[in-house]
Amino acid sequence: MTTALRFSLLLLGVSFSRGFLNDLFDEEEEAERVVQASKYGSLWPLPQKVQLSEVSFKLNGVSFKISDAKESTATPSCSLLQDAYRRYYEYMFGSFKRQEGRKSRHAGPSDVTELQVWITSSESDCDSFPSVASDESYELTVDQPYAVLKAPKVWGALHGLETFSQLVYEDENGAKSINSTTISDFPRFAHRGILLDSSRHFLPIKVLLANLETMAMNKFNVFHWHIVDDPSFPYLSRTFPQLSQQGAYHPYTHVYTPADVKMVIEFGRLRGIRVIPEFDTPGHTQSWGKGQKDLLTPCYSGSKPSGTFGPVNPILNTTYDFMSQFFKEVSTVFPDAYIHLGGDEVDFSCWKSNPDIQKFMEQQGFGKDFTKLESFYIQKLLDIVATSQKGYMIWQEVFDNGVKVM
Ligand SMILES: *[C@@H]1O[C@H](CO)[C@@H](O)[C@H](O)[C@H]1NC(C)=O
Ligand SMILES: *[C@@H]1O[C@H](CO)[C@@H](O)[C@H](O)[C@H]1NC(C)=O
């Protein structure tokens, strides 16, 4: 993947917000919108089935509550849901404390007083991590006096809460309102990801969390964390602390500690978002070389080392010892079933210049075909990752180059 594309994805990730999306939408659809507002209100992304009516109800922030339906299999100890109830209450009405200060108003006869959340399957997934196979479906019925949100798992309930919050609007007098509505929804794609690159630019934790929050508002479910690359190595490894010590932009202020990483993963989980880290090798590894001696290939200028380094050195056993230990750690730190192994843009010129690599190529019978050497490396890496019980992802380019990946 090119730098330019990564960069534009980064910008998209950071500036992604309802406002941003609405702006885009406005520009493209302006002509039509002048004639007629969307009949679906502000629903985004559009649910699979929507029936909106013109029957409108009021919501009173003082008395309105979001709670477990009594039939729900989730208990009040499901902190994922409790946390989401609080969060969505605040999106809709502002902080609860401020509401308490206001003059209380009794619920009127046309009020929706409660959103009941009903987890219907015996296993709510409350304490699990989301996966590519997670059931994210839900059904939402907004009626009076109760709205009911039914979902087999907590993941669908999270999306239903988001949808409910998008249905709330203020009438001409500023009163919170919601129309009678029936929605049934499930995602078209199981993997809905955003990539952020925290190597070229270090992204403070609060930026990562804001991005996760915005992803949840747009029902995205995979944070592809391109965490290290050539420019810097901000991941603080317990096994190899010298990697960030030497390879980060700053060894203390520009690193992600184990606690930081845990926080990002849990913040994502509470919003139904998987965190898939990318540790790209054998290219894109200049920053790794600063803290790990002999990991990168020394490049030659004629018969002498030039002092610069190329991709990971694929001919040393120590390389694979390092990768085994490193990915063993990564696979315990990141709970998702997949790790992204990169594999893109391997520059062969340094490998070509190195006499030890030339000799190895000859011994292995690879001829002058450096994709065979790349295959050799990737194969060994995949075996290493397979022993940690993880699945892997790689860039398409690896397939396109004909590298054997199974
Ligand atoms: C909600 O109901 C109001 C009042 O009947 C109506 O004016 C409005 O168009 C409805 N909104 C949607 C999105 O259907
Ligand atoms: C590297 O490992 C291979 C396979 O285990 C072994 O045959 C070889 O002697 C090792 N090379 C070195 C330099 O230790």
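Atoms within a ligand are numbered from 1 in the order they appear, just like the ligands themselves. The shown structure was predicted, so the numbers you read here are calculated from the model rather than taken from an experiment. Hydrogens, waters and symmetry mates are skipped; everything else that's a heavy atom, side chains included, is used.
For atom 3 (C) of ligand 2, the nearest protein heavy atom lies under 4.0 Å away. Distances from atom 14 (O) of ligand 2 to the protein include at least one heavy-atom value under 4.0 Å. Not a single protein heavy atom sits closer than 4.0 Å to atom 7 (O) of ligand 2.
Side-chain contact between Met92 and Ile66 is present, with heavy atoms from C-beta onward closer than 4.5 Å.
With ring centers used as reference points, Trp395 lies 6.0 Å or more from His226.
The ligand atoms of ligand 1 that sit less than 4.0 angstrom from a heavy atom of Leu52 are 13 (C). Per-residue contacts place Tyr169 under 4.0 angstrom from the following atoms of ligand 1 (heavy atoms of the residue considered): 1 (C), 2 (O), 3 (C). Those atoms of ligand 1 that come under 4.0 Å of a heavy atom in Glu54, given as number and element, are 2 (O), 4 (C), 5 (O), 9 (O).
Remark: minimum distance from atom 12 (C) of ligand 2 to any protein heavy atom is reached at Asn317 ND2, 3.4 Å. Closest to atom 10 (C) of ligand 1, if we only count protein heavy atoms, is Asn179 ND2, 2.5 Å.
Between the side chain of Asp143 and the backbone N or O of Tyr146, no donor-acceptor pair lies under 3.5 Å.
The distance from atom OH of Tyr169 to atom OG of Ser177, rounded to the nearest 0.5 Å, is 5.0 Å.
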request  = Under the ring-ring contact (aromatic ring centres under 6.0 Å, His included) rule, what do Phe93 and Phe64 come out as? Steps first, then yes or no, please.
outcome  = CA-CA 10 Å; Phe93 301 107; Phe64 182 80; 5.6 Å; yes
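The 12-atom threshold is not exceeded at NZ of Lys150, counting heavy atoms of other residues, nucleotides or ligands nearer than 6.0 Å.
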